[in-house]
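Residue indices begin at 1 and follow the sequence shown. Counting starts at 1 for both ligands and their atoms, following the listed order.
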Amino acid sequence: MAVSVAAHVDGGRLWRRLMDLARFGATEKGGVHRLALSDEEIAARAELVRWGLAIGLEPATDPAANLFLRLRGREPDLPPLLVGSHIDSQPTGGKFDGAYGVIAALECAEAILGAGQRPRRSLEVVAWMNEEGSRFAPGMMGSAVFAGVRRMADIEPVRDRAGMSVRDALERVRAAEPDLPLRPLSFPAAGFLEAHIEQGVTLERTGMTIGVVTSIQGKRTFRVTVEGAESHAGTSRRAERRDALASAVDVVKALQAAIWDEADTVRFTIGQFTVSPNAPSVVPGRVEFSIDLRHDEATTVRALGDIIPEVCARARGPCEVSVRELLSDEPIAFPKTLRDRLAAAAGRLGFTHCELPSPAGHDSRYLSRHCPTAMLFIPCKDGISHNEAESISPADAEAGVRVLTEVAFELADADAVPGSTGGMTRL
Ligand SMILES: [Zn+2]
């Protein structure tokens, strides 16, 4: 007979901790400004470490400033089960994106201990470094480096707008946490579980409490540079101009037409656009813009991404255009064996549940390359996220942790974690 560890989840304690963590970087409108590796995040990490130590967890970090709190298992030499998410936020983020998954993992560890249990493998609460990518781009840095998708040498030179590099920011964090043991990167893990707010409206609209995540969309990102020539707005004639903004506008229109799909399944975004010198009386000499392209199917995201350079070249007019690809991530599917475990636990505990894909990226994307990985979603009000108005209900928050705790204990106590097929499955 399996032990019901979920009964030891304390919804009040969970909610208090969520509110307490939200004090670090709290904004006037009730949101959170807690950028990766910032002072606010360093303070929040210290609070997590204090909470962990208070219940007997062992804190540690790694060269990428991923933070681990270990509930030591009965056989501590076995690869641990990791459970967590991230605590960095967007500049005007909410209280729950990422933070929910980390606090949920902590509650999960405390509930297991409260039930008088100690699983076979260690269970480690984890907060991955820089998921959001708003200070240092691209995001999911800690999980990418941990999973071997990127190297430290790739992320260290990345700078924020103030010119600080990831290398220097990591050193500041390290200096603030001299007592934390440093573990090697990429240690073996038996599995990873991540609980997260949905950031969409599917659960809310269908009245479901638990979403079992099937997959994460594929994504490619690009930086396009249109190079013209600066000239005088009053004197240069149209025929002589090499107006980078005029060409960039044509390029953007051509891209939107080329990527357009009747079914509305492609996600194509130009979210950043920089005009130089950005002066009212100078013909723009240079424009840079970003492209974020996503789709559920690997073939579609590949084919559409591949046409971008030629579409840009066709529409460039008198200017030069160059396209640099920054990131290419195939869609991933989570193993059915683990999805079934989450669904079964939700059913046993009496929560409504359904399967759904994740249009947004998460640390689980990269962890799934390292070890068997699964994700669950809880509803968030009106699907609002990356926004100070982000909101969830205490009951849903507790429900998610109860399901997470059941499955985490099962997996941590098992001989082997199912779904060990190498992780990444192509759709
Ligand atoms: Zn997140």
Could D154 and R151 be called an ion pair, given the rule that one side-chain N must be under 4.0 Å from one carboxylate O? yes
Do you know how many protein N, O or S atoms are within a distance smaller than 2.8 Å of the Zn ion (ligand 1)? 3
Can we say D340 and K336 salt-bridge, meaning some charged N sits less than 4.0 Å from an Asp/Glu carboxylate O? yes
For the aromatic rings, using the six-membered ring if either is Trp, is the centroid distance between F146 and H370 under 6.0 Å? yes
Tightest non-hydrogen contact, residues V125 and A109, listed as CG2-CB, 4.3 Å
Flag the pair F187 / F68 as yes when their ring centroid distance falls below 6.0 Å, and as no otherwise. yes
Looking only at heavy atoms, the pair that brings F334 and V213 closest together is CD1-O, 3.3 Å
